[in-house]
Amino acid sequence: MNEGKLKELRQLVDEVMYAATKKEARSSVRRLEFVASDMKSAIDSYLSGKLSEIVSFAKEASGNVKGKGHWISCVERSWYVFEGGVKWNQSQRNTEHYE
């Protein structure tokens with residue numbers, strides 16, 4: 001997974017989380033679900049689970065919801081693990097390539 005795909009994913013997550021209403025978030029949610037589904041084939045099952053959490057938490061945070069800060073915090077924690085795992089996997093592949 002390249003840096004561009006990771007940035008696109010993060011942008012979609014932010015669009016969903018910070019949408020003013022659930023209705024406003026709908027198109028971004030559909031795009032986020034599509035992009036996440038496509039990415040899952042390129043990552044291991046643990047990171048796939050983290051990505052599912054991110055999508056789910058972002059959807060919970062969208063709109064004017066009670067506990068929005070809680071859901072955003074959940075997204076951020078899962079994103080930290082997901083992004084770190086993706087970058088670590090990339091570094092391992094690059095290391096193997098040069099050995």
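These numbers come from a predicted model, not from an experiment. Numbering starts at 1 and runs along the sequence shown.
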*Asks:* List in chain and number order the residues that pass salt bridge (Lys or Arg N to Asp or Glu O under 4.0 Å) with Glu24, two or more places apart in sequence or in another chain; answer none if no residue qualifies.
*Replies:* none

*Asks:* Could you measure the distance from the OG1 atom of Thr21 to the CZ atom of Arg26? Nearest 0.5 Å is fine.
*Replies:* 8.0 Å

*Asks:* Please find the pair of heavy atoms, one from Phe57 and one from Val75, that lie closest to each other, and give the distance.
*Replies:* CB-CG2, 3.4 Å

*Asks:* Does a salt bridge link Arg10 with Glu76, judged by any charged N lying under 4.0 Å from a carboxylate O?
*Replies:*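 A salt bridge links Arg10 with Glu76.
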
*Asks:* Does the side chain of Ser52 pick up a donor-acceptor pair with the side chain of Lys40 at under 3.5 Å?
*Replies:* yes

*Asks:* Under a 4.5 Å cut-off applied to non-hydrogen side-chain atoms, are Ile43 and Asn89 in contact?
*Replies:* no

*Asks:* Only distances under 3.5 Å count here; give the side-chain donor-acceptor pairs of residues 59-69 to other protein atoms, sequence neighbours excluded, each with its distance to 0.1 Å.
*Replies:*
{"unit_1": "Lys59", "atom_1": "NZ", "unit_2": "Glu33", "atom_2": "OE2", "d": "2.7"}
{"unit_1": "Ser62", "atom_1": "OG", "unit_2": "Lys22", "atom_2": "NZ", "d": "3.4"}
{"unit_1": "Ser62", "atom_1": "OG", "unit_2": "Lys59", "atom_2": "O", "d": "2.8"}
{"unit_1": "Lys68", "atom_1": "NZ", "unit_2": "Met17", "atom_2": "O", "d": "2.8"}
{"unit_1": "Lys68", "atom_1": "NZ", "unit_2": "Ala61", "atom_2": "O", "d": "2.5"}
{"unit_1": "Lys68", "atom_1": "NZ", "unit_2": "Gly63", "atom_2": "O", "d": "2.8"}

*Asks:* Any idea which heavy atoms bring Ser78 and Ile54 closest together, and the distance?
*Replies:* CB-CG1, 3.6 Å

*Asks:* Can a side-chain donor-acceptor contact be found between Ser27 and Arg31 if the only test is distance below 3.5 angstrom?
*Replies:*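 Not at all, the side chains of Arg31 and Ser27 share no donor-acceptor pair under 3.5 Å.
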
*Asks:* Between Phe82 and Leu6, is there a side-chain heavy-atom distance shorter than 4.5 Å?
*Replies:*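 Yes, their side chains come closer than 4.5 Å.
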
*Asks:* Could you tell me the separation between the CD atom of Glu53 and the OG atom of Ser48, rounded to the nearest 0.5 Å?
*Replies:*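 Glu53 CD to Ser48 OG: 10.5 Å, rounded to 0.5 Å.
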
*Asks:* Could you walk me through whether Glu8 and Lys5 pass salt bridge (charged side-chain N to carboxylate O under 4.0 Å, His left out), step by step?
*Replies:* CA-CA 5 Å; Glu8 177 187 12; Lys5 283 193 178 233; over 6 Å; no

*Asks:* Can you see which heavy atom on Leu32 is nearest to which on Ala58, and at what distance?
*Replies:*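 Residues Leu32 and Ala58, closest heavy atoms: CD2-CB, 4.5 Å.
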
*Asks:* Would you say Ser37's side chain and Phe34's backbone share a donor-acceptor pair under 3.5 angstrom?
*Replies:* no

*Asks:* Contact between Glu3 and Lys87 at the side-chain level, heavy atoms closer than 4.5 Å - yes or no?
*Replies:* yes

*Asks:* Determine the minimum heavy-atom distance between Ala36 and Leu51, stating which atoms define it.
*Replies:* O-CD2, 3.6 Å

*Asks:* Do Tyr46 and Leu9 share a hydrophobic cluster (ILVMFWY, side-chain heavy atoms under 4.5 Å, transitive)?
*Replies:*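 Yes, same cluster.
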
